[in-house]
Amino acid sequence: MEGNIFDIPAFNYSTLAEQVAKLNKRAVKLGCEPMRLTVVREFEIERESPSGVKHMHKRMEIKLEGETPKFNGWSLLAAIEMQPNGENLVRCVPGKTVPEQYRMTDTHCDHCKSDRRRKEVFILGHEDGRFAQVGRQCIVDFLGRISAGCLAARATWELSLLKTCENARDEDYCGGFGEFHRDITEFLAVVAIVVRRLGWVSRQMAMDASRDGQSTSQIARYLITGKRDEPMAKFVRDNQLYVEDRDQKLAQEVLEWARNQPKDGVADYIYNLGVSCRQDSVTYKTIGIVASAIAAYQRHLDKEAELNIRRSKKLESKHVGAIKERKDFENVEITRMRYCDSPFGVKTLVTFQDPDGNVLIWWASKELDDVEEGDRATIRGTISKHGEYNGVAQTELKRVTITKIEPPAASAA
């Protein structure tokens with residue numbers, strides 16, 4: 001076999017190598033030389049996924065090479081199957097061709113010179129350029145020592161090798177192991193928009209009998225691997241699941257945080273989270289824990305924010321206003337936005353901090369696309385509760401209206 005070069009996703013190489021090794025075991029039994037799989041080069045390309053995420057995609061050029069089985073200089077090129085309507089089906093060995101004249105050939109055999117009724121004939125090619133059409137029963141005599149069944153088995157082995165390499169070009173290639181791979185940055189960006197629009201739903205929450213839904217990881221996987229058909233398009237439109245810059249930014253931040261988690265002195269969850277996120281791709285085995293990285297990172301940020309408030313000597317959160325009072329708050333910062341699933345749809349927990357360090361929270365029953373964390377705004381809300389969370393006083397608001405404060409325009413040079 002002349003060298004065949006295939007361009008494949010880098011994460012498919014290990015699975016492909018295992019499959020080639022397995023097929024090569026058959027080569028020994030068939031008396032064939034095993035094929036060699038080598039990496040020609042590794043490279044990256046920028047790719048935009050169907051979900052709208054741009055990322056660098058690692059790929060490889062691999063080469064499959066070795067000697068096609070030959071017998072006295074002859075090798076199998078094709079099998080011609082005679083069809084009931086008088087036409088012929090030409091099944092070539094991958095990488096081989098036969099002259100077009102064999103598409104219309106009859107059932108004669110060049111070895112026994114007879115032209116009798118046959119279901120199929122074989123086209124053999126010699127290394128000196130000759131061709132021969134031989135019937136199944138004549139192959140043993142024609143080649144001297146090999147049967148048609150053995151020849152077909154060797155051809156099937158060769159076909160399987162090439163088909164395996166062809167299949168490895170597909171990102172959904174699983175090599176019979178039921179596995180899949182997707183770029184981890186792309187996946188986390190999709191998780192970010194799913195959380196923002198639909199709220200975080202763990203696998204355990206999704207399994208709850210009172211809920212009839214899917215986990216966040218299942219929805220994200222569906223979005224990046226499912227068919228681009230009308231039901232999916234409608235699902236994306238209805239829920240506005242379009243990845244934005246903020247989602248890609250959050251995915252990068254989460255990856256950096258998770259990849260830097262220590263390997264010692266931490267709980268198993270954090271350890272496994274770090275291991276899973278330090279991979280370039282997400283698989284069936286890691287999809288759940290990688291998806292949870294968004295929620296874990298946001299919990300980390302919440303704890304950091306609470307610690308910062310406690311450590312601050314100048315600013316200490318206090319309760320403000322009176323219960324049921326409708327009050328204006330100027331120049332508050334939106335410090336956190338968390339999206340939670342509920343029986344009535346997604347709810348957004350918005351945390352504000354006023355210039356005096358007082359913490360205000362609002363459970364919004366809608367999606368807030370016009371503001372982001374870090375924005376400053378003037379808000380009006382009705383004080384519904386004075387509470388405390390992790391030792392930090394917070395004032396809960398309802399019926400909030402937000403007027404975003406635009407950042408001052410850069411002064412002209």
Side-chain angles (χ1 to χ4, degrees), residues 1-25 27 33-68 94-95 157-191 220-221 223-225 243 247-249 251-261 263 272-287 289-291 293:
M1 179 190 298
E2 295 180 0
N4 290 271
I5 295 180
F6 304 88
D7 179 352
I8 67 171
F11 50 62
N12 280 346
Y13 179 76
S14 59
T15 301
L16 174 62
E18 288 181 35
Q19 287 296 91
V20 170
K22 183 183 293 185
L23 286 166
N24 272 336
K25 290 181 180 179
E33 287 293 326
M35 296 294 181
R36 299 181 300 278
L37 186 66
T38 56
V39 177
V40 177
R41 70 183 181 107
E42 300 181 46
F43 60 101
E44 291 185 346
I45 58 173
E46 184 178 70
R47 196 188 73 169
E48 182 171 354
S49 70
S51 52
V53 181
K54 291 184 178 179
H55 59 92
M56 297 307 295
H57 184 58
K58 294 183 179 180
R59 299 192 68 85
M60 284 183 176
E61 276 188 2
I62 55 100
K63 188 175 184 180
L64 184 68
E65 53 189 347
E67 292 296 326
T68 298
W157 163 74
E158 184 178 347
L159 184 150
S160 297
L161 276 167
L162 290 169
K163 188 172 182 62
T164 296
C165 292
E166 286 283 354
N167 290 342
R169 290 173 169 169
D170 190 343
E171 289 190 20
D172 291 325
Y173 169 71
C174 65
F177 296 104
E179 189 55 278
F180 92 107
H181 295 263
R182 276 297 184 274
D183 180 87
I184 196 168
T185 306
E186 174 190 356
F187 177 72
L188 270 176
V190 173
V191 171
R221 176 175 167 264
L223 290 176
I224 64 173
T225 64
V243 174
D247 303 307
Q248 298 195 57
K249 180 175 179 291
Q252 293 286 357
E253 290 177 0
V254 169
L255 271 180
E256 183 178 359
W257 170 76
R259 286 172 171 173
N260 285 306
Q261 291 305 303
K263 299 179 181 179
N272 289 329
L273 181 68
V275 171
S276 300
C277 287
R278 281 189 283 272
Q279 312 307 312
D280 293 328
S281 59
V282 62
T283 69
Y284 281 131
K285 293 179 180 179
T286 63
I287 191 171
I289 193 168
V290 170

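Model, not experiment: these values are computed from the prediction. Side chains included, hydrogens not; waters and symmetry mates left out as well; all remaining heavy atoms used.
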Over all heavy atoms of both residues, which pair between A220 and V191 is shortest? Give the atoms and the distance, please. CB-CG2, 3.7 Å
Can you give me the closest heavy-atom contact between I184 and C277, atom names plus distance? CD1-CA, 3.7 Å
Pairwise side-chain contact, M60 with L16, heavy-atom cut-off 4.5 Å (strictly under): no
So with a 6.0 Å cut-off around CD of E61, is the heavy-atom count from everything else above 12? yes
Minimum heavy-atom distance between L188 and V254, given as atom pair plus value: CD1-CG1, 4.2 Å
Is there a salt bridge (Lys or Arg N to Asp or Glu O under 4.0 Å) between E253 and K249? Walk through the geometry before answering. CA-CA 6 Å; E253 290 177 0; K249 180 175 179 291; 2.5 Å; yes
When rounded to the nearest 0.5 Å, the distance separating CG of D247 from CD of Q252 is 12.0 Å
Nearest non-hydrogen partners of A17 and L37, listed with the distance: CA-CD2, 3.9 Å
Rounded to the nearest 0.5 Å, the CH2 atom of W257 sits from the CG atom of L255 at a distance of 11.0 Å
Closer than 3.5 angstrom, by distance alone: can the side chain of R259 be matched with the main-chain N or O of Q279 as a donor-acceptor pair? yes
Flag, side chain of T286 to backbone of T283, donor-acceptor distance under 3.5 Å: yes
To the nearest 0.5 Å, how far apart are CZ in R59 and CZ in R41? 10.5 Å
